[in-house]
Amino acid sequence: MNNDFVYAQAGKLAERVYPQPNDAARIAEAYRLLYGRAPTAKELEMGLQFLKTTPEKPGNTVNREPVTAWREYARVLLSANEFEFVD
């Protein structure tokens, strides 16, 4: 999941959910788009904690795009088994 394509898609997902009014709403929208469902209370809590504790990395880039907490979180969601495999 360290492929340039995945980083690019994570950036697009982060941009797509960013218009939501707050991080909780952004997480809910990301789950709806990727998994077709709302996040559980635990998933929401973990997502908010991830965003709160993941520092921005000024000057660091992937594909000439800045590394941000939201791009990193989107990459985590894209790397989940639930996204990659159909039960």
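On a predicted model such as this, the values are computed, not experimentally measured, just so you know.
- To the nearest 0.5 Å, atoms CG (Leu77) and CD (Glu43) are separated by 9.0 Å.
- Neither Leu33 nor Met46 shares a network with the other; the hydrophobic side chains, linked directly or stepwise wherever heavy atoms of I, L, V, M, F, W or Y lie under 4.5 Å apart, form separate groups for each.
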Step by step, would you call Arg75 with Tyr7 a side chain to side chain contact (heavy atoms under 4.5 Å, CB included)? CA-CA 7 Å; Arg75 193 165 60 94; Tyr7 277 103; 3.3 Å; yes
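- Here Tyr35 pairs with Tyr31 under the ring pair (Phe, Tyr, Trp, His ring centres under 6.0 Å) rule; sequence neighbours left out.
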Chi angles and distances behind the side chain to side chain contact (heavy atoms under 4.5 Å, CB included) call for Lys12, Arg71: CA-CA 8 Å; Lys12 290 184 185 309; Arg71 286 174 188 256; over 6 Å; no
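- Surrounding CZ of Arg37 are more than 12 heavy atoms belonging to other residues, nucleotides or ligands, all under 6.0 Å away.
- Between Val76 and Phe50, some side-chain heavy-atom pair lies under the 4.5 Å cut-off.
- Between Ala14 and Ala74, the shortest heavy-atom contact is N-CB, 4.3 Å.
- When side chains are defined from C-beta on, Arg26 does not count as touching Arg16, because their heavy atoms never get closer than 4.5 Å.
- Here the CG atom belonging to Leu13 is positioned 14.0 Å from the OH atom belonging to Tyr18, to the nearest 0.5 angstrom.
- Residues passing the side-chain hydrogen bond (donor to acceptor under 3.5 Å, both in side chains) test with Arg32, sequence neighbours excluded: Glu29.
- Thr53 meets the side-chain hydrogen bond (donor to acceptor under 3.5 Å, both in side chains) test with no other residue; sequence neighbours excluded.
- The shortest side-chain heavy-atom distance between Ile27 and Trp70 falls under the 4.5 Å cut-off.
- In this structure, Ala28 and Pro39 approach most closely via the heavy-atom pair CA-CD, 3.8 Å.
- The distance from atom CD of Glu45 to atom CD of Gln49, rounded to the nearest 0.5 Å, is 7.5 Å.
- We find the NZ-CG distance between Lys52 and Asp23 to be 11.5 Å, quoted to the nearest 0.5 Å.
- Rounding to the nearest 0.5 Å gives a distance of 10.5 Å between CG of Leu34 and CD of Gln9.
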